[in-house]
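Worksheet: the structure to be examined is printed underneath.
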Amino acid sequence: MKDGFVKVAVSTPELKVADCKFNREQMVKIAGEMAEQGVKLLAFPEFSLTGYTCHDLFLQDTLLQGAERELFTYVKETKKWNLVSVLGMPLEHRGRLYNVAVVICKGEILGIIPKSHVPNYGEFYELRQFAPWQGENDRHIFADREENYKVPIGTKIIFENDNWADFSFGIELCEDLWVPAPPSGELAVQGAKILINLSASDELTGKAGYRRELVKNQSARTLSAYLYADAGEGESTQDMVFAGHNMIVENGIFLEESKPFAEQKNLITEVDLARLRNERRKMNTFVLQHEDTKSGFERIRFILGNQEETKLTRRVEKTPFVPSSKSHREERCDEILNIQSAGLAKRLKHTGCKNAVIGLSGGLDSTLALLVTIRAFDRLGLSHEGIESVTMPCFGTTNRTYDNAVTLARELGTTLREIRIEEAVNIHFRDIGHNPEMQDITYENGQARERTQILMDVANQVNGMVIGTGDMSELALGWATYNGDHMSMYGVNCSVPKTLVRYLVQYYADTAENAKLKKALYDVLDTPVSPELLPPREGEIAQRTEDIVGPYELHDFFLYYVLRCGFTPSKIFRLAVYAFENEYDKETIYQWLSTFCHRFFRQQFKRSCLPDGPKVGTVSVSPRGDLRMPSDASDALWKEELAQIEQSLKG
């Protein structure tokens with residue numbers, strides 16, 4: 001369970017209605033398979049021991065006694081496995097019949113959770129046989145067992161691992177999720193990080209989508225992992241059909257899902273309980289009530305031995321800022337472009353500016369900034385001629401980027417202004433006594449600051465606003481010239497990571513109708529990322545950013561898990577090695593993770609004085625929005641953990 005991961009599973013076993021022995025045998029078999037695969041928590045559907053569709057057979061002593069007998073057989077046969085499992089069955093308690101979930105661990109029944117909300121509408125007639133649980137927690141006595149076996153029973157129970165506090169779960173049953181205030185809400189604020197639903201939800205047209213949204217939203221609302229175990233095709237089809245729609249969702253994100261009527265009814269994955277803890281800690285409106293002694297909640301401890309490292313099988317996206325689905329990606333791109341352009345439009349309207357100034361290099365970032373500005377002007381009904389596209393060739397400019405910048409400016413109907421800066425920069429070098437043959441940081445940054453000075457002065461000339469082009473990845477790494485490209489009057493890309501910038505430009509190119517514009521945009525996408533501050537080699541870009549600071553796909557991966565999740569370097573390293581297994585070796589990932597941590601701490605002073613700009617996603621480096629970080633904070637603890645990673649690589 002290293003790094004907060006615990007392997008969980010939900011399963012819909014083969015079932016025969018009212019055949020408790022057969023059903024128990026199927027569950028024991030599955031429990032053994034799950035235990036062998038390292039599963040620590042397994043959930044079966046509602047009434048998995050008897051079948052949900054027994055109807056009035058639930059009132060027969062023969063079925064009730066058979067269910068209890070097979071329950072204890074299951075407890076005995078699963079004792080040898082390092083596993084907590086939850087099954088469903090009918091149970092008579094103090095003269096009333098309840099629909100319950102039974103929690104079993106290593107030969108012991110830990111607790112019994114009755115259903116709170118018993119449906120009696122439409123096709124459901126559960127009140128005919130079962131009572132809703134409305135009282136406080138109690139003790140159920142299994143008579144004729146050794147010492148009259150007593151087990152906690154009630155809805156206010158949280159199960160907690162004795163060795164690992166994060167491993168805690170609570171249970172609700174089927175209809176409990178469909179009511180206005182599901183019990184899982186209170187279970188979550190009482191500390192349960194995993195919520196389990198034992199369900200028998202019949203299949204109707206459109207119901208799967210609605211059920212899916214219920215589970216997704218409840219998981220997101222409770223900042224939990226939600227395990228939904230659904231009854232399947234073994235149930236009686238006399239009046240209803242069940243499809244085994246199983247789901248495992250973490251904080252509103254689907255980790256695994258079996259489509260209704262699919263053959264595969266076993267879902268296995270790992271939930272990240274440490275991340276859920278971090279999310280709850282960060283969201284101050286999520287108020288935990290662990291210390292509320294008046295709540296009536298009971299906490300039942302369980303012990304699992306051999307706390308081995310959980311082998312990861314869950315999908316870890318290499319580009320966490322970018323949706324993997326093409327349709328979702330296009331929807332996200334359009335949404336982000338709207339956010340960026342709406343933010344800029346508001347600023348232009350507020351200041352009374354009808355002109356904008358952009359330094360257009362022919363690279364990705366300035367291209368995106370221009371496209372956003374075009375949208376903002378369209379929102380305001382302003383002419384594109386009010387956009388001053390300023391290209392400022394100098395020592396490192398290539399024909400390729402220059403031609404693309406010119407094409408973009410013209411095809412989008414903006415006002416193109418070309419200002420060559422070689423002479424001005426050389427005069428500046430003479431003034432400060434710098435030899436231009438020495439192509440060092442002064443040589444590079446002198447060009448960047450000259451360009452910013454020009455943009456600001458042009459903005460004064462036209463009574464306009466300088467639009468910032470720098471993206472969030474560059475800001476995180478400090479890959480920006482202080483008071484050069486670092487500065488603007490409104491930074492439209494300030495919370496867009498480099499990996500997403502590419503997809504935004506791609507989306508615009510794919511939907512463009514102008515053939516010349518489309519061709520230029522595609523060529524921008526194919527151009528290596530570069531500040532173009534060093535002279536070209538044989539007409540080609542000589543300075544490639546990713547050769548210097550590292551691959552942006554890795555840095556964006558690191559950035560997401562540092563800022564969004566608050567993970568440690570070792571956990572981020574583990575996830576990166578897993579996600580990029582076939583692309584980068586461990587040593588390369590470690591090298592760039594070290595670079596990221598070093599630059600992230602050293603360059604905070606640049607982020608502390610960023611210009612305004614819109615937040616578009618869950619991560620931002622704005623000092624006014626998300627990141628309130630001291631500019632001189634020590635990175636000693638992070639370096640110490642990085643050193644441990646390095647030592648492990650050396651063996």
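All residue numbers refer to positions in the sequence shown, counting from 1. Hydrogens, waters and symmetry mates play no part in the numbers below; they use all other heavy atoms, side chains included.
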Please indicate whether Gln647 has more than 12 foreign heavy atoms, meaning atoms of other residues, nucleotides or ligands, lying under 6.0 Å from its CD. no

For the pair Val390 and Met392, evaluate side-chain contact (heavy atoms from CB on, under 4.5 Å) and give the outcome as yes or no after the intermediate values. CA-CA 6 Å; Val390 185; Met392 296 168 282; 3.7 Å; yes

With no hydrogens and no angle check, do the side chains of Thr319 and Thr499 hold a donor and an acceptor under 3.5 Å apart? no

Honestly, is Lys571 close enough over Phe567, meaning NZ or CZ under 6.0 Å from the six-membered ring centre and within 45° of the axis? yes

At their closest point, which heavy atom of Pro528 faces which heavy atom of Arg544, and how far apart are they? CG-NH1, 3.3 Å

Strictly distance-based, threshold 3.5 Å: is any side-chain N or O of Arg624 a donor or acceptor partner for the main-chain N or O of Leu610? yes

Side-chain donor-acceptor pairs of residues 455-462 under 3.5 Å, sequence neighbours excluded:
| residue | atom | partner | partner atom | Å |
| --- | --- | --- | --- | --- |
| Gln461 | OE1 | Arg417 | NH1 | 2.9 |

For Asp272 and Lys193, what are the C-alpha separation, side-chain angles and deciding distance, and is it a salt bridge (Lys or Arg N to Asp or Glu O under 4.0 Å)? CA-CA 10 Å; Asp272 189 347; Lys193 294 186 178 67; over 6 Å; no

Should the pair Tyr228 and Tyr226 be assigned to parallel (<30°), tilted (30 to 60°) or perpendicular (>60°) ring geometry? parallel

Derivation and outcome, salt bridge (Lys or Arg N to Asp or Glu O under 4.0 Å), residues Lys216 and Glu257: CA-CA 11 Å; Lys216 174 184 175 180; Glu257 179 182 12; over 6 Å; no

Any idea which heavy atoms bring Ala188 and Leu195 closest together, and the distance? N-CD2, 4.4 Å

Check whether NZ of the Lys or CZ of the Arg Arg212 lies under 6.0 Å from the centre of the six-membered ring of Phe254 and within 45 degrees of that ring's axis. yes

Could you check whether any side-chain N or O of Ser495 sits under 3.5 Å from a backbone N or O of Pro614, counting only pairs where one atom can act as donor and the other as acceptor? yes

Do any N or O atoms from the side chain of Asp523 and from the backbone of Lys519 form a donor-acceptor pair under 3.5 angstrom? no

For a side-chain contact (heavy atoms from CB on, under 4.5 Å) with Gln543, tell me which candidate from Pro535, Ser530, Pro536 qualifies. Ser530

CH2 (Trp592) with more than 12 external heavy atoms under 6.0 Å: yes

Heavy-atom donor-acceptor pair, His555 side chain to Val549 backbone, under 3.5 Å: yes

Minimal non-hydrogen separation, His486 against Cys609, with atom names: CE1-SG, 3.6 Å

Report, as yes or no, whether the 6.0 Å neighbourhood of atom CD on Glu587 holds more than 12 heavy atoms from other residues, nucleotides or ligands. yes

Inspect the surroundings of NZ in Lys518 and state if more than 12 heavy atoms from other residues, nucleotides or ligands are less than 6.0 Å away. yes

Check against salt bridge (Lys or Arg N to Asp or Glu O under 4.0 Å), Arg315 and Glu317: CA-CA 6 Å; Arg315 182 177 178 83; Glu317 297 288 352; 2.7 Å; yes

Distance-only donor-acceptor check, side chains Asn404 and Thr407, under 3.5 Å: no

Donor-acceptor list for residues 597-605 side chains, cut-off 3.5 Å, not counting sequence neighbours:
| residue | atom | partner | partner atom | Å |
| --- | --- | --- | --- | --- |
| Arg599 | NE | Leu477 | O | 2.6 |
| Arg599 | NH2 | Leu477 | O | 3.1 |
| Arg602 | NH1 | Asp635 | OD2 | 3.1 |
| Gln603 | OE1 | Lys606 | NZ | 3.1 |
| Gln604 | OE1 | Arg607 | NE | 2.8 |
| Gln604 | OE1 | Arg607 | NH2 | 2.9 |
| Gln604 | NE2 | Ser608 | OG | 3.4 |
| Gln604 | NE2 | Met629 | O | 3.2 |

Decide whether Tyr402 and Glu418 meet the rule of one side-chain donor and one side-chain acceptor closer than 3.5 Å. yes

Answer yes if the side chains of Glu388 and Asn355 hold a donor-acceptor pair under 3.5 Å, and no otherwise. no

Would you say Ser219's side chain and Asn251's backbone share a donor-acceptor pair under 3.5 angstrom? yes

Backbone N or O of Gln506 within a donor-acceptor pair of the Tyr522 side chain at under 3.5 Å? no

Would you please test Lys7 and Glu270 for salt bridge (Lys or Arg N to Asp or Glu O under 4.0 Å) and show each step? CA-CA 4 Å; Lys7 195 176 290 291; Glu270 303 79 42; 2.4 Å; yes

When you check the side-chain N and O atoms of Gln644 and Ser570, is any donor under 3.5 Å from an acceptor? no

Whether the side chain of Thr222 engages the backbone of Gln218 through a donor-acceptor N/O pair (distance < 3.5 Å, no angle test) should be reported. yes

Residue pair Lys615 / Val621, side-chain heavy-atom distance below 4.5 Å: no

Going by distance alone, is a donor N or O of one side chain under 3.5 Å from an acceptor N or O of the other, for Thr398 and Glu532? yes

Is the backbone of Cys565 close enough, under 3.5 Å, to the side chain of Asn278 for a donor and an acceptor to pair up by distance? yes

Would you say that more than 12 heavy atoms from the other residues, nucleotides or ligands in this model lie under 6.0 Å from the CZ of Arg537, or not? no

Stepwise side-chain contact (heavy atoms from CB on, under 4.5 Å) check, Tyr490 with Leu348: CA-CA 10 Å; Tyr490 196 76; Leu348 291 167; over 6 Å; no

Return yes if some donor-acceptor pair links the side-chain N/O of Thr401 with the main-chain N/O of Thr397 below 3.5 Å, else return no. no

Heavy-atom closest contact (Ile268 atom, Thr313 atom, distance): O-OG1, 4.4 Å

Could you please spell out the steps behind the side-chain contact (heavy atoms from CB on, under 4.5 Å) verdict for Cys394 and Val425? CA-CA 9 Å; Cys394 197; Val425 172; 4.2 Å; yes

At what distance, to the nearest 0.5 angstrom, does CE of Met283 lie from CZ of Arg280? 11.0 Å

Given the rule in the side-chain contact (heavy atoms from CB on, under 4.5 Å) test, do Thr415 and Ile387 qualify, once you have shown the distances and angles that lead to the verdict? CA-CA 6 Å; Thr415 299; Ile387 302 172; over 6 Å; no

Donor-acceptor pair between Ser327 and Ser325 side chains, under 3.5 angstrom: yes

Before you tell me yes or no, could you show the steps for Phe557 and Phe321 under ring-ring contact (aromatic ring centres under 6.0 Å, His included), namely the whole-Å CA-CA distance, both residues' side-chain angles and the distance that decides it to 0.1 Å? CA-CA 8 Å; Phe557 187 91; Phe321 290 108; 9.8 Å; no

What one should report as the nearest heavy-atom pair of Lys2 and Arg574 is O-NH1, 3.1 Å

Write down the atom of Leu559, the atom of Ala476, and the distance for their closest heavy-atom approach. CD1-CB, 3.7 Å

Would you please test Ser389 and Thr414 for side chain to side chain donor-acceptor pair (under 3.5 Å) and show each step? CA-CA 6 Å; Ser389 297; Thr414 69; 2.8 Å; yes

Give, for atom NZ of Lys498 and atom OH of Tyr552, the distance between the pair rounded to the nearest 0.5 Å. 4.5 Å

Donor-acceptor pair between Glu331 and Tyr507 side chains, under 3.5 angstrom: no

When rounded to the nearest 0.5 Å, the distance separating CG of Leu593 from OH of Tyr561 is 13.5 Å

Can you check whether Val322's main-chain N or O pairs, donor with acceptor, with Arg329's side chain at less than 3.5 Å? no

Can you confirm whether Lys311 is buried at NZ, in the sense that more than 12 heavy atoms of other residues, nucleotides or ligands lie under 6.0 Å from that atom? no

